[in-house]
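Structure, as structure tokens:
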Amino acid sequence: QVQLVESGGGLVQAGGSLRLSCAASGGTFSTLGMGWFRQAPEKEREVVAAIGWSGRPINLANSVKGRFTISRDNAKNSVYLQMNNLKPEDTAVYYCAAVVFGLGYSAAEQYTYWGQGTQVTVSS
């Protein structure tokens with residue numbers, strides 16, 4: 001059973017940056033495809049970024065291209081989401097997700113394991 005714990009959320013002004021981290025335990029991290037999703041109040045959960053188990057492919061939502069990057073460090077059993085030039089519309093709870101041998105999937109139902117989420121609030 002894989003456990004995922006997100007960290008790094010918080011309150012930031014528009015134009016600022018945050019780096020989210022997701023630490024995995026209980027599985028073989030190098031075999032996990034990882035994704036970052038977000039859910040704003042009264043909206044559906046949507047993919048933000050995803051990375052395949054081997055580090056490829058990398059998929060980014062159109063709304064965050066050029067601003068967010070996803071990376072992984074197998075030595076630290078962690079995946080990261082670097083968020084730059086944040087906008088108020090980025091405000092949401094951000095979730096980390098994992099699936100064995102995932103290939104950068106963008107659909108939430110393709111992921112097996114989920115973290116509890118971390119709140120990101122961007123003020124204008």
Side-chain angles (χ1 to χ4, degrees):
Q1 189 75 2
V2 175
Q3 291 84 43
L4 303 172
V5 178
E6 304 96 336
S7 61
L11 173 64
V12 63
Q13 289 188 331
S17 299
L18 283 174
R19 187 193 193 209
L20 304 184
S21 300
C22 172
S25 61
T28 303
F29 183 76
S30 61
T31 68
L32 296 175
M34 305 297 296
W36 284 99
F37 290 76
R38 67 186 181 188
Q39 188 166 17
E42 301 183 344
K43 290 190 176 181
E44 293 188 356
R45 191 169 296 191
E46 62 176 1
V47 66
V48 177
I51 185 168
W53 68 273
S54 68
R56 290 290 184 271
I58 290 176
N59 293 314
L60 292 169
N62 288 333
S63 59
V64 305
K65 283 181 179 177
R67 300 189 297 124
F68 292 11
T69 57
I70 185 171
S71 61
R72 64 186 297 152
D73 186 340
N74 289 349
K76 296 183 177 180
N77 291 347
S78 294
V79 64
Y80 307 98
L81 184 69
Q82 178 66 44
M83 306 186 293
N84 299 328
N85 190 21
L86 282 159
K87 303 176 180 181
E89 52 263 42
D90 294 319
T91 295
V93 178
Y94 283 70
Y95 298 91
C96 175
V99 60
V100 177
F101 293 123
L103 295 174
Y105 303 137
S106 59
E109 57 265 27
Q110 292 178 290
Y111 288 84
T112 308
Y113 306 103
W114 290 84
Q116 293 299 306
T118 185
Q119 177 71 47
V120 171
T121 303
V122 184
S123 63
S124 57

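In this text the structure is predicted, and so the values were computed from the model without any measurement.
Enclosure of atom CD in Gln116 is not indicated, since only 12 or fewer non-hydrogen atoms of other residues, nucleotides or ligands lie within 6.0 angstrom.
Side chain of Arg72 to main chain of Gly33: no donor-acceptor pair is present (N/O by atom type, distance under 3.5 Å, no hydrogens or angles). Looking only at distances, no side-chain donor or acceptor of Glu46 sits under 3.5 Å from a matching main-chain atom of Glu44. Side chain of Thr91 to backbone of Val122: a donor-acceptor contact under 3.5 angstrom is found. Distance alone, capped at 3.5 Å, is enough to place a donor-acceptor pair between the Asn59 side chain and the Gly104 backbone. Between the side chain of Glu6 and the backbone N or O of Gly117 there is at least one donor-acceptor pair closer than 3.5 Å.
At a threshold of 4.5 Å between non-hydrogen side-chain atoms, the residues Val100 and Thr112 do not count as touching. Annotation: side chain of Tyr113 is in contact with side chain of Gln1 (closest heavy-atom distance under 4.5 Å). Between Leu32 and Val79 the shortest side-chain heavy-atom distance does not fall below 4.5 Å. Contact of the Val64 side chain with the Met83 side chain is not registered, since no non-hydrogen atoms from C-beta on lie closer than 4.5 Å.
Ser17 OG to Asn85 CG: the interatomic distance, rounded to the nearest 0.5 Å, is 8.0 Å. One finds the CZ atom of Arg38 at 14.0 Å from the OG1 atom of Thr118 (value rounded to the nearest 0.5 Å). How far CG of Leu20 is from OH of Tyr95: 13.0 Å, rounded to the nearest 0.5 Å. Atom CD of Gln13 is separated from atom OG of Ser124 by 9.5 Å, given to the nearest 0.5 angstrom. To the nearest 0.5 angstrom, Tyr111 atom OH is 11.5 Å from Leu4 atom CG.
Scanning all heavy atoms of the two residues, the minimum distance from Ala14 to Pro88 falls at CB-CD, 4.1 Å. Counting all heavy atoms, side chain and backbone alike, Leu60 lies closest to Ala49 at CD2-CB, 3.4 Å. When every heavy atom of Phe29 is checked against every heavy atom of Asp73, the shortest pair comes out as CE2-O, 4.0 Å.
With Tyr80 as the partner, the side-chain contact (heavy atoms from CB on, under 4.5 Å) test is satisfied by one option alone out of Cys96, Ser71, Cys22: Ser71.
Note: Trp53 and Phe101 have perpendicular aromatic rings, judged against thresholds of 30 and 60 degrees for the angle between ring planes.
Taking Arg67 as the reference, Asp90 meet the side chain to side chain donor-acceptor pair (under 3.5 Å) condition, with sequence neighbours excluded. Here Thr121 pairs with Gln119 under the side chain to side chain donor-acceptor pair (under 3.5 Å) rule; sequence neighbours left out. Residues that satisfy the side chain to side chain donor-acceptor pair (under 3.5 Å) test with Gln82, not counting sequence neighbours, are Asn84.
Note on Val2 and Val5: separate hydrophobic clusters, where clusters join Ile, Leu, Val, Met, Phe, Trp and Tyr whose side-chain heavy atoms are under 4.5 Å apart, directly or indirectly.
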